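Here's the structure we're looking at; comments come further down.
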Amino acid sequence: MQNRRLLAFYGDDFTGSTDAMEALDSFGLRTILFLEPPTEELLERFSDAQCIGVAGTARAKNNEEMEKELTPVYKKFKEINPYFVHYKVCSTFDSAPEVGSIGYAADLARRYFESGSYPLLVAAPALGRYTVFGNHFANFHGSIYRLDKHPVMSKHPVTPMDEANLAVHLQKQTKQSIGTINMVDMERDPAEITNDTDDIMLYDAAEEKEMSWFADKVWQDRSESTTQFLIGSSGIEYALGNKWKRDNIVEGKAKERQPRDIDQMLVVSGSVSEVTKRQLEHAEESGFHMEQLPYELFTEENDPESYLNRIIELLDSKKKVILYTAKGTEDKAIKATRDHLTQAGISDIGIHIGQQLGRWTKYIMERAPLKRVVISGGDTSGFVTSQLGIYGLEVLQGIAPGAPLCRAYSEDERFDDLEIALKSGQLGGEGFFENVFLAKKTY
């Protein structure tokens with residue numbers, strides 16, 4: 001087993017990928033998350049990693065764009081030939097036939113992982129996600145909602161979840177047949193259940209016992225020569241990781257290093273979510289110096305160097321500094337920035353802002369002795385990491401579910417071994433930024 005990796009996963013969005021990595025790490029499994037399909041040299045460099053992942057953006061793409069992104073990933077994973085390849089999706093399963101199609105991802109997988117039924121597990125009880133007789137439920141602010149009644153996901157602007165039955169929802173995206181193994185089936189021994197009747201098999205789970213049953217089943221059915229393709233949330237990593245640790249199937253690996261003691265930290269926030277707004281407010285109460293980026297800086301005719309040099313000086317004096325675009329959806333800066341960029345003839349406003357934030361973060365970090373940085377916003381995280389030449393991440397310490405503090409790997413010596421936390425707008429508790437700053441001291 002030492003010579004074969006346990007699992008390789010592709011995350012269909014950036015911060016969801018760190019969620020899967022963190023789940024595996026919590027069971028002592030060394031996991032490296034790459035930002036593009038790894039070369040043979042990188043695979044050799046991390047030959048002791050039991051699991052690897054590739055962070056992607058398929059969740060926001062159409063089918064043509066998905067094919068371009070997934071083809072090299074699937075090809076590389078087939079070459080690696082781990083026990084399992086996991087197409088990791090959000091635990092709210094938001095997708096559509098035209099955008100982020102999970103069904104289309106499964107169809108593409110058939111070119112590389114041809115045979116067998118694909119197990120599908122979306123439930124993740126540890127995250128408040130449950131599947132009961134094929135219908136999916138999710139926690140929101142302490143209450144459990146059926147997916148088609150969920151206050152957020154049922155009204156998603158791009159992929160509204162108007163169907164709680166996951167098999168019915170997925171069937172709109174693929175012609176592959178979909179079956180269900182429900183909670184009653186799971187009262188039987190896993191060996192008595194066969195998976196070869198449908199192309200994709202959806203599994204229920206509401207409690208740890210169903211998660212364990214799923215892990216027992218897929219591990220029992222594994223092949224010693226070919227790879228089993230899996231679809232689902234990070235519940236798959238939680239289920240399999242727990243089994244591997246519980247049954248002593250694989251030994252956990254000690255981390256090469258722990259978070260450093262630091263006295264300086266930069267936060268760059270491009271998120272306008274209400275969750276992030278509360279986090280920014282809490283950070284200000286915790287002593288962070290707050291700097292809202294002037295919208296005028298986002299156009300090319302303005303030279304940001306003097307402003308950024310002032311931020312570097314503030315890092316020396318204030319130690320904890322946050323650069324942010326807006327506080328919440330009602331911030332007047334959102335409209336002002338949009339109007340300013342529109343007048344300047346910039347159409348892809350979100351991309352332009354993200355690219356500028358990436359460039360400015362790099363400028364600051366090339367001139368300041370920072371060892372730790374936090375990036376808030378899923379898209380912003382992608383732009384910043386690309387500017388820093390980061391090719392891989394590894395969990396250093398859990399901070400909040402789905403948003404760990406990571407060690408960065410980069411070909412640029414300045415950014416190699418950087419400590420970085422990446423979070424989507426919706427993740428992390430109110431004290432997230434302060435908790436990252438205090439990582440080694442209090443966690």
Side-chain angles (χ1 to χ4, degrees), residues 13-15 57 59-62 65 99 152 155-158 265-284 288-315 318 320-368 370 373-388 420 422-428 432-433:
D13 75 342
F14 200 95
T15 50
T57 57
R59 184 174 164 192
K61 293 186 173 181
N62 62 35
E65 294 167 335
V99 180
V152 176
K155 301 173 183 177
H156 193 287
V158 180
M265 190 176 83
L266 174 68
V267 176
V268 178
S269 176
S271 167
V272 300
S273 80
E274 294 302 306
V275 172
T276 301
K277 176 184 177 182
R278 292 194 293 272
Q279 292 167 341
L280 292 173
E281 292 169 344
H282 186 281
E284 188 168 15
F288 278 82
H289 177 82
M290 311 298 291
E291 278 284 327
Q292 185 165 22
L293 286 157
Y295 66 82
E296 296 90 348
L297 282 184
F298 284 101
T299 45
E300 298 296 339
E301 65 266 19
N302 291 287
D303 184 359
E305 281 194 17
S306 60
Y307 180 85
L308 297 177
N309 288 335
R310 188 173 72 83
I311 299 302
I312 294 169
E313 293 174 0
L314 284 170
L315 281 164
K318 303 294 184 180
K320 302 187 293 185
V321 176
I322 294 182
L323 287 179
Y324 69 98
T325 54
K327 281 185 182 178
T329 56
E330 301 301 316
D331 194 319
K332 294 179 180 179
I334 298 173
K335 183 179 186 303
T337 304
R338 186 182 297 114
D339 291 345
H340 182 69
L341 292 177
T342 299
Q343 290 174 6
I346 297 170
S347 56
D348 293 326
I349 292 175
I351 292 175
H352 179 80
I353 291 174
Q355 289 173 338
Q356 293 292 74
L357 291 176
R359 294 187 188 105
W360 297 341
T361 303
K362 182 180 182 182
Y363 180 94
I364 292 169
M365 297 194 65
E366 285 177 334
R367 293 160 178 81
L370 287 166
V373 64
V374 181
I375 311 301
S376 176
D379 292 335
T380 308
S381 295
F383 286 117
V384 172
T385 52
S386 64
Q387 283 291 323
L388 302 184
I420 185 168
L422 308 168
K423 74 166 216 73
S424 72
Q426 302 299 327
L427 292 180
F432 180 79
F433 298 131

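What you are looking at is a predicted structure, and each value in this text was computed from that prediction instead of being measured.
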For the atom pair [atom1] ([X]) and [atom2] ([Y]), what is the distance rounded to the nearest 0.5 Å?
| X | Y | atom1 | atom2 | value |
| --- | --- | --- | --- | --- |
| K335 | T342 | NZ | OG1 | 9.5 Å |
| D348 | L341 | CG | CG | 11.0 Å |
| I346 | I351 | CD1 | CD1 | 12.0 Å |
| E313 | L308 | CD | CG | 11.5 Å |
| S269 | K327 | OG | NZ | 10.5 Å |
| E296 | T337 | CD | OG1 | 8.5 Å |

- Query: Considering the options V373, I375, I322, which one meets the side-chain contact (heavy atoms from CB on, under 4.5 Å) requirement together with V267?
  - Reply: I322
[X] side chain vs [Y] backbone, donor-acceptor pair below 3.5 Å:
| X | Y | answer |
| --- | --- | --- |
| R310 | S306 | no |
| Q279 | G428 | yes |
| T361 | L357 | yes |
| Q292 | T325 | yes |
| Q387 | Q355 | no |

Kindly indicate whether the side chain of [X], heavy atoms from C-beta on, has any atom under 4.5 Å from the side chain of [Y].
| X | Y | answer |
| --- | --- | --- |
| L280 | F288 | no |
| L315 | I364 | yes |
| E291 | K318 | no |
| L323 | Y307 | yes |
| K320 | F433 | no |

Considering all heavy atoms of both residues, which atom of [X] and which atom of [Y] are nearest to each other, and what is their separation?
| X | Y | result |
| --- | --- | --- |
| A326 | I334 | CB-CG1, 3.7 Å |
| E274 | E330 | OE2-N, 4.5 Å |
| G270 | T380 | CA-OG1, 3.5 Å |
| T276 | S271 | OG1-OG, 2.8 Å |
| G350 | F383 | O-CE1, 4.3 Å |

- Do F298 and W360 make the cut of ring centroids closer than 6.0 angstrom? yes
- When you measure from the centre of the six-membered ring of Y363, is the NZ or CZ of R367 under 6.0 Å away and within 45° of the axis? yes
- Message: With a 6.0 Å cut-off (strictly less than), is the heavy-atom count around CD of E281, excluding the residue itself, greater than 12?
- Response: yes
